[in-house]
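Computed from a predicted model, the values in this text were never measured in an experiment. The chains referred to below are lettered A, B, ... by the order of the sequence lines, with proteins before strands, and numbering in each begins at 1.
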Number of protein chains: 2
Amino acid sequence: MSIAPVVDTLERLCTLLRTEVRQRGLRHGLRPVQVEALLYLARCNRYSDTPIAVAEFLGSTKGTVSQTLKILEREGLLTKGPDPDDGRVVRLELTPVGRALSAELALPPALEEALADDREWTERLSVDLRRLLGGMQRAAGHKTFGTCHTCRFFRRESSGFRCGLTGEALSESDSELICREHKLGAAAEAPSGDSRPAEEGRLGSLDP
Amino acid sequence: MSIAPVVDTLERLCTLLRTEVRQRGLRHGLRPVQVEALLYLARCNRYSDTPIAVAEFLGSTKGTVSQTLKILEREGLLTKGPDPDDGRVVRLELTPVGRALSAELALPPALEEALADDREWTERLSVDLRRLLGGMQRAAGHKTFGTCHTCRFFRRESSGFRCGLTGEALSESDSELICREHKLGAAAEAPSGDSRPAEEGRLGSLDP
DNA sequence: GATGTGTGGTATCGACTCGATACCACTGTA
DNA sequence: TACAGTGGTATCGAGTCGATACCACACATC
């Protein structure tokens, strides 16, 4: 058996999904990239709300993203602010309008409808797709952009959660956001706390 | 359980796949849409090799596709010819160069690598993704663009295969191509031959 | 401190995308 | 013989996006 059917179906699925997003975004005067940037910014954590992070997430360049963000700012969907620690860095924050719009655009109706019937199947699909995504990201050498729960730097301590990379404490909701420093893979060098080896071999845990 | 994780993962997967295609296409001087049109034309059947069919497949407009095809023609990847039966229609055919390029671009290396290890898993993924695609296409009211084997008009006869829509006989290889008239769903009105009700409820058969 | 060197961000250019609109050629029907 | 419908092209304008150049700042090394 060849992998061609999977490739075909996935490509078709992508085209369909993009068509949906394009049409729904267009109703609000937004291009697909703009929608994707908006959705990312609504779901990223405090290490990841900068133009360069958006560019990495979208697989684009900082120049292109700079223009996209300029438009989103002009439309009143986000604001730019200085970083207190690094004078080069710009921090992006969605306005209430931007946040409301991202919530509205987040769920493609066709996908929602296709999944509505079967919870068990949705669950299995979720796990399989994550595994596929992880495999592709490793193969392509890209950043993984996952949430803290699946990250090799994630630490569970008696007092709560902590990022093993920055050392900062993380709230429950913090750890459900997308992080640009996210990395899958083997367990990191263990600091304090009850760290343990990755539980599912090369894949890391799958959180749902 | 919400469907949000599936949506997120799928969107991420799409971004990654598109990034890959963009980069590989760019090495040959092709934009993503141009690559997708090329791949479609390499795999569509004789009812489906026209500009309007490409537009429907890509979820784009005939105007936009017209420009894309003009570029592909200029680059020597396809030729346009008249339709013998309808003076309005243009038939598209890949040149040997175009066909060779499409073969080279068809398989994203990262995806190939991610699937390489596990045939059983690939099989399951293939079935699940098809089911998801079918569900979304029904929900979005789009054309399905499948191959004859999964089409409600497909007929198995003692002498071979036949299209119940056009009445034409189909060779084995014919029936593996993408068709713009493809439709999933309940069994069609039965002509001659051993037609039977669709075998898996509302989904139709899944061929692999 | 001065001097690189690297990084985050912006501006500009040119080829292309893509929705919208207008238009032409042809088909099929009344 | 009209005329509506369909397939296809041309054109316009806002936007995408890679490439390049450039600026501001951070950090390391002398």
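A sub-4.0 Å separation between OP1 or OP2 of dT10(C) and a side-chain N or O of Lys80(A) is present. An OP1 or OP2 oxygen of dT10(C) is reached within less than 4.0 angstrom by a side-chain nitrogen or oxygen of Ser66(A). Close to dG18(D), at under 4.0 Å from its OP1 or OP2, lies a side-chain N or O of Thr64(A). OP1 and OP2 of dT16(D) both lie 4.0 Å or more from every side-chain N or O belonging to Arg22(B).
Look at NZ on Lys70(A): it is 13 Å from C1' on dC17(D), rounded to the nearest Å. Between Leu30(B) atom CG and dT17(C) atom C1' there is a gap of 14 Å when expressed in whole angstrom units. The CG atom of Asp49(A) sits 14 Å away from the P atom of dG8(C) (whole-angstrom rounding). Protein atom CG of Leu69(B) is 15 Å distant from nucleotide atom P of dG7(D), rounded to whole Å. Regarding Asp83(B), its CG atom lies at a distance of 13 Å from the C1' atom of dT6(D), rounded to whole Å. For the pair Arg18(B) CZ and dG18(D) P, the interatomic distance rounds to 11 Å; values are reported in whole Å. Regarding His28(A), its NE2 atom lies at a distance of 19 Å from the C1' atom of dA14(D), rounded to whole Å. Put simply, CG on Leu92(A) is 8 Å from P on dG9(C), counting in whole angstrom units.
Salt bridge status for Glu75(A) with Lys70(A): absent, with no side-chain N to carboxylate O gap under 4.0 Å.
Candidate nucleotides dG9(C), dT11(D), dA26(D) were compared by shortest atom distance to the side chain of Gln67(B), and dT11(D) ranks first. Of the candidates dC18(C), dG7(D), dA26(D), the closest approach to any side-chain atom of Asp86(A) belongs to dA26(D).
Side-chain atoms of Arg91(B) come within 3.5 Å of backbone atoms of Arg46(B) as a donor-acceptor pair (strictly under, hydrogens ignored).
Using a 4.5 Å heavy-atom cutoff, the side chains of Leu111(B) and Leu115(B) are in contact. Taking 4.5 Å as the limit, some side-chain heavy atom of Leu132(B) sits within range of a side-chain heavy atom of Leu10(B). Looking at Tyr40(B) and Leu58(B), their side chains never come closer than 4.5 Å, going by heavy atoms from C-beta outward.
A residue-by-residue look at Val90(B) and Thr61(A) shows that Val90(B) has its nearest nucleotide of DNA chain D further toward the 5' end. Residue order along DNA chain D, read from the 5' end via each residue's closest nucleotide, puts Thr50(B) first among Arg74(A) and Thr50(B). Of the two residues near DNA chain C, Lys62(A) and Asp85(B), the one whose nearest nucleotide lies more 5' is Lys62(A).
In terms of polar N and O atoms assigned as donor or acceptor, the side chain of Arg88(B) comes within less than 3.5 Å of the base of dT6(D) in a complementary pairing.
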